[in-house]
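For reference, the structure is listed below as structure tokens.
Treat the numbers as computed from the prediction; the structure is a model and nothing was measured. Labels below follow one simple rule: chain letters A, B, ... track the order of the sequence lines, proteins then strands, and each chain is numbered from 1.
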Amino acid sequence: MLKLENLSKTFGEHRVLDGISTVFPEHETTVVLGPSGSGKSTLLRSLNLLERPEAGRYHFDDELFDFGKGLSNKEILSIRKRTEMVFQEYNLFPHLTVLKNIIEGPTQVLHEAKDTAQKRAQELLVKVGLGDKADAYPSQLSGGQAQRVAIARALAMQPKYILLDEPTSALDPELELEVLKVLRQLAQEKQTLIIVTHNMAFAREVAARVLFIENGQILFDGPKAEFFNTKKQRIVDFISAMTFENI
Amino acid sequence: MQKEPVLLFTRSAGSLHFPTGSLRKKFSQKGCEAGMWKIVTDALPQLIVAGLQYTIPIAIISFIFGLGLALLTALVRISRKKSIFFMVLKAFFRFYVWLFRSTPLLVQLFIVYFGLPYLKISGIAPDGIKLTPLVAGILTFSLNTGAYCSETMRAAILSIPKGQWEAAYSIGMTRTLALRRIILPQALRVSLPPLANSFISLVKDTSLAASITIVEMFEVSQQIAAQNFQPLVMYCLVAALYAVACTLLSWLQGYLEKITSRYVSNIN
Ligand SMILES: Nc1ncnc2c1ncn2[C@@H]1O[C@H](COP(=O)(O)OP(=O)(O)OP(=O)(O)O)[C@@H](O)[C@H]1O
Ligand SMILES: [Mg+2]
């Protein structure tokens with residue numbers, strides 16, 4: 001379980017996250033929605049410590065980290081091993097083959113034996129539908145393939161949480177579908193996902209929970225069904241704008 | 001071994017046995033073309049020996065030391081460590097790079113070889129720091145090329161997109177591991193052409209070692225020219241030899257670029 005209490009992050013004068021408190025239960029997919037610039041990426045990156053909030057408490061299972069006091073490198077690394085980030089622009093390592101991209105973390109960070117790591121990497125590639133791409137370089141992949149490799153790379157670390165920041169925003173609809181299918185399967189297998197997306201149909205399909213942020217504050221935090229049937233005008237407007245319905 | 005500074009410009013060529021007299025005779029008998037050929041074939045072996053004995057080893061050894069120093073300098077300068085020790089270290093390396101990029105290489109050679117003997121440090125070097133010409137040369141060339149290459153490497157490291165760092169951090173890597181496994185291999189590819197540039201410059205700059213009494217290729221060409229009175233031929237010949245060496249290096253560069261770029265898409 002991952003729990004945030006009063007998380008705050010400012011860039012200069014700009015308060016991007018303003019007292020965020022929420023719980024991300026395990027084995028559930030949370031979809032984070034909100035208008036552009038609302039702080040979704042910052043929230044996700046804070047969970048993986050790519051951003052350091054200046055205040056707030058971060059509970060990971062029964063460990064407590066206090067951002068106000070600052071985190072040691074060791075604490076940061078221990079959190080990062082349990083959370084994996086999937087980026088909008090994939091960020092595969094271009095100098096490594098697909099297989100080596102996937103085993104890099106397990107062998108270098110988790111110190112797994114190379115052959116075990118390779119065997120699992122191959123299985124993960126099959127799982128994301130790229131069993132034949134082990135020896136390709138990232139530059140030889142389409143965007144949809146690259147993002148699926150990035151998902152396999154995240155899975156290879158066996159993290160508790162996978163954090164995906166607009167994983168399909170750089171893809172055209174057909175390539176997006178390849179990725180979304182993989183994510184749906186992961187959600188069905190109870191892999192914990194936290195996904196920032198603008199794809200409402202996908203959110204409606206895979207989310208268990210929805211977090212709606214605006215101006216760095218949570219406007220909605222609850223089950224998917226409740227979100228899509230809410231009477232809150234701001235959210236009704238947002239949904240209809242995103243789905244182009246009732247306009 | 002060490003000559004007095006005063007001997008610097010009196011070039012004694014006692015060790016060279018060049019048949020000046022007979023050559024001049026042939027020159028006038030058989031006409032210009034054959035004479036020229038003889039001058040070249042007589043001089044070439046000596047130049048090549050000097051090149052293999054001094055020019056190339058000095059360039060290679062200095063470049064290896066220089067690269068090590070450059071990497072160290074670049075890593076210290078991009079380091080995020082905030083301790084006093086690191087701040088001082090950073091300032092020191094910044095000063096080093098500034099110093100060696102802002103003064104002429106020839107002057108640097110003179111200071112190290114002719115100047116340091118007058119630097120008397122009681123306890124450590126009471127009689128001044130006296131280096132053999134070769135040590136002084138290699139030291140100066142290493143420091144000089146290290147300063148330039150460190151800037152190349154620093155720029156190359158900084159050119160790797162932030163997303164690569166973030167992806168490495170996300171799989172739990174420390175900064176050091178991310179540098180070693182993810183950033184440096186990519187930075188190396190980026191820095192290859194400018195590093196090759198520096199090496200090619202260094203090969204040519206070793207000719208300045210002649211001025212600190214090292215009998216490298218250019219020095220030998222001067223000695224021969226002083227004997228056969230053919231400075232134009234001799235200096236063009238030695239220029240051609242430098243050109244050959246640098247051309248081979250450009251080919252090597254092309255080859256290295258090719259194998260380090262395997263993973264980049266084949267658009268270019
Ligand atoms: N490194 C930074 N320095 C300064 N400002 C930043 C930085 N990163 C983000 N911001 C600002 O913080 C605000 C929130 O950014 P964030 O990327 O979290 O929004 P977002 O909800 O992900 O938006 P989008 O949907 O466009 O991706 C924006 O106004 C952005 O300009
Ligand atoms: Mg964003």
Side-chain angles (χ1 to χ4, degrees), chain A residues 41 44-45 47-52 73-74 76-98 100-111 135-142 146 149-150 152-159 161-165, chain B residues 71 74-75 78-83 85-86 152-153 155-196 253 255-268:
Chain A
S41 297
L44 219 57
R45 290 162 58 80
L47 294 178
N48 198 26
L49 282 316
L50 290 176
E51 304 290 354
R52 309 285 166 77
N73 276 339
K74 211 173 143 206
I76 291 172
L77 289 176
S78 93
I79 292 174
R80 284 197 182 138
K81 275 183 203 166
R82 291 175 277 181
T83 55
E84 284 309 313
M85 193 88 182
V86 173
F87 302 88
Q88 180 179 334
E89 55 287 355
Y90 335 126
N91 294 345
L92 293 180
F93 305 130
H95 61 303
L96 301 178
T97 61
V98 163
K100 286 189 174 150
N101 260 276
I102 298 174
I103 66 168
E104 185 69 11
T107 56
Q108 295 296 322
V109 176
L110 305 178
H111 305 292
D135 297 323
Y137 280 99
S139 62
Q140 298 165 321
L141 303 177
S142 73
V149 172
R153 178 173 71 178
L155 285 169
M157 294 297 288
Q158 297 181 298
Y161 288 80
I162 299 184
L163 318 169
L164 304 104
D165 191 3
Chain B
L71 183 61
L75 290 181
I78 61 156
S79 126
R80 295 260 175 89
K81 292 206 168 66
K82 292 279 188 309
S83 67
F85 173 72
F86 254 86
T152 301
M153 288 186 180
I157 292 170
L158 295 178
S159 77
I160 304 304
K162 186 163 146 270
Q164 290 294 305
W165 285 99
E166 294 189 340
Y169 288 152
S170 177
I171 56 173
M173 287 190 169
T174 59
R175 195 174 151 84
T176 313
L177 191 60
L179 252 176
R180 185 162 65 77
R181 298 283 311 178
I182 306 302
I183 306 300
L184 285 182
Q186 296 182 59
L188 182 72
R189 188 188 71 79
V190 179
S191 59
L192 206 96
L195 287 181
Q253 174 191 350
Y255 172 72
L256 288 176
E257 276 180 33
K258 210 163 166 180
I259 56 173
T260 54
S261 302
R262 264 171 321 182
Y263 61 81
V264 184
S265 62
N266 353 331
I267 347 165
N268 36 14

task = Give a yes or no on whether a salt bridge exists between B/Glu166 and A/Arg45, defined as a side-chain N under 4.0 angstrom from a carboxylate O.
result = yes
key: chain A neighbours within residues 155-163 of chain B, where any heavy atom lies under 4.5 Å away   = B/Lys162, B/Gly163
task = For the pair B/Tyr263 and A/His95, name the ring-plane relationship: parallel under 30°, tilted 30 to 60°, perpendicular over 60°.
result = perpendicular
request  = Carefully, step by step, assess B/Leu192 and B/Glu257 under the rule side chain to side chain contact (heavy atoms under 4.5 Å, CB included).
outcome  = CA-CA 7 Å; B/Leu192 206 96; B/Glu257 276 180 33; 3.4 Å; yes
key: A/Val98 side chain near A/Arg153 side chain, heavy-atom distance below 4.5 Å   = no
key: A/Tyr90 side, atom OH; A/Asn101 side, atom CG - distance, nearest 0.5 Å   = 14.0 Å
task = Measure distances from A/Met157 to the heavy atoms of chain B and classify the residue's part below 4.5 Å as side chain, backbone, both or neither.
result = side chain
Which portion of A/Phe87 sits near chain B, non-hydrogen atoms under 4.5 angstrom = side chain
request  = Would you mind checking which part of A/Leu110 comes under 4.5 Å of any heavy atom in chain B, side chain (CB onward), backbone (N, CA, C, O), both or neither?
outcome  = neither
message = If the contact rule is any heavy atom under 4.5 Å from chain A, which residues of residues 175-186 of chain B qualify, in numerical order?
response = B/Leu177, B/Arg180, B/Arg181, B/Ile182, B/Pro185, B/Gln186
request  = Decide yes or no for B/Phe86 and B/Ser79: does some side-chain heavy atom of the first lie under 4.5 Å from some side-chain heavy atom of the second?
outcome  = yes
message = Using only atom types and a distance under 3.5 Å, with no angle test, would you say the side chain of B/Ser191 pairs donor to acceptor with the backbone of B/Leu188?
response = yes
task = Please round to the nearest 0.5 Å and tell me the distance separating atom CD1 of A/Ile102 and atom CG of A/Leu155.
result = 9.0 Å
key: Side-chain heavy-atom pair A/Val86, A/Ile162 within 4.5 angstrom cut-off   = yes
query = Counting distance only, does the side-chain N/O of A/Asn48 pair as donor-acceptor with the main-chain N or O of B/Ser170 below 3.5 Å?
reply = no
Region of A/Thr83 in contact with chain B, defined by heavy-atom distances below 4.5 Å = backbone
task = Go through A/Ile76, A/Thr97, A/Leu50 and name the one with the most non-hydrogen pairs under 4.5 angstrom from chain B.
result = A/Leu50
task = Measure distances from A/Arg82 to the heavy atoms of chain B and classify the residue's part below 4.5 Å as side chain, backbone, both or neither.
result = neither
request  = Drop me the distance from A/Asp135's CG to A/Lys100's NZ, to the nearest 0.5 angstrom.
outcome  = 8.5 Å
key: Part of A/Glu89 within contact of chain B (heavy atom distance under 4.5 Å)   = neither
inquiry  = Do A/Glu84 and A/Tyr161 make a side-chain contact, defined as non-hydrogen atoms from C-beta onward lying under 4.5 Å apart?
reply    = no
message = For B/Tyr169 versus A/Arg80, what's the shortest heavy-atom pair and its separation?
response = O-CD, 3.0 Å
ask   = Where on B/Thr260 is there a heavy atom nearer than 4.5 Å to chain A: the side chain, the backbone, both, or neither?
value = neither
